Amino acid sequence: MNSFERYVKTLKEAAKKIGLDDAMIAKLSEPNNIIEKTIDINKDDGSVVSFEAYRVQFNNARGPYKGGIRFHPEADIHDVKALAALMAIKCAVVGIPLGGGKGGVKCNPKELSEKEIEQVARSWARAMANDIGVDQDIPAPDVYTNPQIMAYMLDEYEKTVGRSEPGMITGKPIALGGSQGRDAATAQGGVYVLQSLVKKLGKNPSDLRVAVQGYGNAGYHAARLLHAAGYKIVAASDSKGGVYNPEGLDPEVLSQTKKEQGSVSQGNLGDTISNEDLLTCECDILIPAALDNQLREDNASNVKASIILELANGPTAPEADPILREKNIHVLPDVLANAGGVTVSYFEWVQNRQQFYWTQEDVLSKLQPIMEKSFEAVFETSQNKSLTLREAAFITALSRIVEVMQLRGL
Ligand code: GLU
């Protein structure tokens, strides 16, 4: 199964539970638009190289398409379609007035210079300029893209269309209209959701050991925030490997080690482990914060954590879900757990439209109730209907999307 087929499987199972008809399921199984372009850049050595570039606009019933852009060598069209669909679900789970979209460039930014990355960003924005915009489709960062890349894209887009339009993209640097709190928002939202579950289960953070797979924006901030809240970080990894230490790891030391030595695994901070080992290590909370399809049929039964917080998109394959359920593991699904990122993107978009900017306290005081209320709604549905949290999140979102599609006469 490719990632899009995995999305469709999850969709169909949830749709059955709320009695959606075949026509509606078919409508939610295909994106509205797929935009595919080839972009060319001049390499520093004078050669020209081309990359596949995508934007998938999945569903805009609830508002303009919204979702990040990833630069990744494996970002194929199936992935981008699946990720666009998950964005539509995610925005509906947290009740923000946006639809779902996703973009990608199939390239390896680790092999490109800063100047070459700038060209990829500018070429993407030029190629997509007719299809994106503040009221149409609003991109943001995703895997291996960041605020600087958003700044290049904003600049190129505004030059192309000939007007100022800061709300056409989110996740920008603060000086260019970005929002306070956007950087840590994905992790912060996840922490609010996790804390709500921990409280419900009557557990004490200081008794809970955390393993974080992926030490990019989401993974690092999650480790930092959870460490500050009293949890013990016992394992962390990045694309080059991981480290495990039952005595606990300091998130800032991990970050410094990654910066200076290229990987969290390189600082002699504990036992060296692989990414695969991290998923099944001794811990209470597992946080996949890297790529999709990490927990599968072949490794799910070895997971030792009792809670999984999905900060990555699609880290659990559908075949793994029943195994995790059987083991009574609480899986906080991506469409809820990592929705803090797009929620603060929504706040950024609102601020850009108003040209009136909020403090960090304003942002957090609006983010926290959205995440907690969304968790409560999903948790209650899962309890009442004996569903997993993922099934409950999907049916909550699908009901909201279908309601507006019907109001629109579909
Ligand atoms: N890339 C992030 C996600 O998958 C954020 C998207 C956004 O802010 O639009 O949720």
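Note that the coordinates shown come from a computational prediction; the quantities given were computed from them, not determined experimentally. Ligands are counted one by one from 1 in listed order, and the atoms in each one are counted from 1 as well.
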Any T396 side-chain heavy atom under 4.5 Å of R400 side chain = yes
Any heavy atom of I138 under 4.0 Å from ligand 1? The part involved is neither
Are K66 and T170 linked by a side-chain donor-acceptor pair shorter than 3.5 Å?
-> yes
What protein heavy atom sits nearest atom 10 (O) of ligand 1, and how far away is it?
-> K90 NZ, 2.7 Å
Give a yes or no on whether a salt bridge exists between D321 and R325, defined as a side-chain N under 4.0 angstrom from a carboxylate O.
-> no
So between D142, V342, L83, whose heavy atom ends up nearest atom 1 (N) of ligand 1?
-> D142
Heavy atoms only: give me the nearest N299-L279 pair and the separation to one decimal.
-> ND2-CD1, 3.7 Å
Kindly indicate whether a cation-pi arrangement holds for R353 with W349, taking the cut-offs as under 6.0 Å to the six-membered ring centre and within 45° of the axis.
-> yes
Regarding E52 and Y54, is there a side-chain donor-to-acceptor distance under 3.5 Å anywhere?
-> yes
Taking only heavy atoms of P141, which atoms of ligand 1 are found under 4.0 Å from at least one of them?
-> 1 (N), 2 (C), 5 (C)
For K102, counting its heavy atoms only, list the atoms of ligand 1 lying under 4.0 Å from any of them.
-> 1 (N), 3 (C), 4 (O)
Mind checking whether R182 has an N or O less than 3.5 Å away from an N or O of ligand 1?
-> yes
Do F58 and Y7 have ring centroids that are under 6.0 Å from one another?
-> yes
Do any N/O atoms on A140 end up under 3.5 angstrom from N/O atoms on ligand 1?
-> no
Which atoms of ligand 1 sit under 4.0 Å from any heavy atom of M87?
-> 3 (C), 4 (O), 6 (C), 10 (O)
Taking only heavy atoms of K66 into account, list the atoms of ligand 1 that are under 4.0 Å away from them.
-> 7 (C), 8 (O), 9 (O)
Proximity to ligand 1 by part of R70, non-hydrogen separation under 4.0 Å = neither
Looking only at protein heavy atoms, identify the closest one to atom 8 (O) of ligand 1 and say how far it is in Å.
-> S345 OG, 2.5 Å
Have S196 and E372 got a donor and an acceptor in their side chains that come within less than 3.5 Å?
-> no
Close-contact set for ligand 1 against G67 heavy atoms, below 4.0 Å = 9 (O)
